[in-house]
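Here the structure comes first, spelled out in structure tokens, and everything after it is commentary.
We count residues from 1, following the sequence as given.
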Amino acid sequence: MNTNLNRKEIFSRRFSELMKEHFPPINSHKKEKQIKQTAREDFALLQKLDINKANDCKNSIDRNNATATIRKWRNPLNKEMPTLQTALKLCEILECDIEYIFGISDIKNKNNFRASSYLGLNQKTIQGIKDYSDIIKELIDVMVCNDNDTLKYILINILQYVRYFNIPRMTVQTISDEKPRELSYDEKQNYIKSVTMDELGLALHEINNRYEIIRESDFAKRKELLELEIQVEKLNIKRLKEK
């Protein structure tokens with residue numbers, strides 16, 4: 001097989017896969033037709049690549065014409081490939097390495113790969129944490145870095161619940177003299193959900209309490225520092241007046 005054609009096949013396949021990952025269906029409960037899904041993904045990418053071109057589209061015909069090049073990238077039989085500058089921007093948007101999208105390497109994102117190897121977490125987990133909002137990341141920092149290690153405490157408790165309630169058999173005895181019967185699948189799931197939600201509620205309450213304590217402590221330190229700065233400033237003003 002021609003090397004260039006083989007390279008284009010790899011690029012088109014990986015490009016299409018990355019598009020689906022990065023622009024998932026808006027409504028996960030409703031199955032989207034493949035043509036509509038692809039068109040939506042292409043236009044979403046165009047908005048990130050060239051917002052002015054995307055804004056100039058007034059109707060579906062305009063959008064179809066504006067995304068023609070992106071469809072050519074998807075088509076393994078079409079020879080057209082993005083320029084190096086465009087490819088670099090694509091990789092930034094789709095959060096992958098340029099070596100991966102062109103089939104030179106099988107590692108999608110070297111940063112995620114290194115973090116995964118170092119932390120022992122799944123690469124999808126690393127990416128998921130990376131996509132969290134700044135306030136969630138701040139909360140994780142607070143839970144991990146404080147002396148009590150709140151996050152570890154919560155996760156261990158949740159893990160214990162998961163392990164305990166994943167046992168094959170679970171029985172319940174409603175009346176003292178009645179023989180225990182095995183719970184149905186739905187009963188198990190409802191019971192697990194209720195207990196887990198109670199545990200998560202307590203966990204979130206604990207997080208909130210500790211977070212507020214730390215915030216109050218930071219506020220007190222800042223207030224104390226501000227008062228010291230005011231005192232220093234007053235001393236400086238007094239010295240200047242004495243001179």
Audit row: Trp73, Thr86, side chain to side chain contact (heavy atoms under 4.5 Å, CB included) steps and yes/no
CA-CA 12 Å; Trp73 295 342; Thr86 304; 3.6 Å; yes
What do the steps show when you test Leu94 against Tyr100 for side chain to side chain contact (heavy atoms under 4.5 Å, CB included), and what is the final call?
CA-CA 11 Å; Leu94 300 175; Tyr100 174 80; over 6 Å; no
Would you check, one step at a time, whether the test side chain to side chain contact (heavy atoms under 4.5 Å, CB included) holds for Ile129 with Ile136?
CA-CA 9 Å; Ile129 294 171; Ile136 297 297; over 6 Å; no
Just do the salt bridge (Lys or Arg N to Asp or Glu O under 4.0 Å) check on Arg14 and Asp106 with the steps written out, would you?
CA-CA 10 Å; Arg14 290 188 172 180; Asp106 290 331; 2.7 Å; yes
Any chance you could lay out the side chain to side chain contact (heavy atoms under 4.5 Å, CB included) test for Ile98 and Leu88, step after step, and finish with the verdict?
CA-CA 7 Å; Ile98 195 164; Leu88 289 170; 3.7 Å; yes
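No side-chain N or O of Asn112 forms a donor-acceptor pair with one of Gln123 less than 3.5 Å apart.
By the 6.0 Å contact criterion, CD1 on Ile51 is enclosed, its count of non-hydrogen atoms from other residues, nucleotides or ligands being greater than 12. The neighbour count for Lys137 NZ, taken as heavy atoms of other residues, nucleotides or ligands under 6.0 Å away, is above 12. More than 12 heavy atoms of other residues, nucleotides or ligands shown are found within 6.0 angstrom of CD on Glu99.
A 4.5 Å side-chain heavy-atom check between Pro82 and Leu90 finds at least one atom pair inside the cut-off. Residues Lys8 and Asn78 meet the side-chain proximity criterion, which asks for heavy atoms closer than 4.5 Å.
Here the straight-line distance linking atom OG1 of Thr67 with atom NZ of Lys53 works out to 8.5 Å at 0.5 Å rounding.
Here the shortest heavy-atom pairing between Leu46 and Ala66 reads CD2-CB, 3.6 Å. Taking both residues in full, the closest heavy atoms of Ala54 and Phe43 are given as O-CZ, 3.7 Å, listed atom of the first, atom of the second, then distance. Heavy atoms only, all atoms of each residue included: Arg7 and Phe102 are closest at CD-O, 2.8 Å.
Of the residues listed (Glu95, Gln127, Glu21), the one engaging Lys108 in a side chain to side chain donor-acceptor pair (under 3.5 Å) is Glu21, and it is the only one. Applying the side chain to side chain donor-acceptor pair (under 3.5 Å) test between Asp42 and each of Arg63, Arg74, Gln47, Gln37 identifies Arg74 as the sole match.
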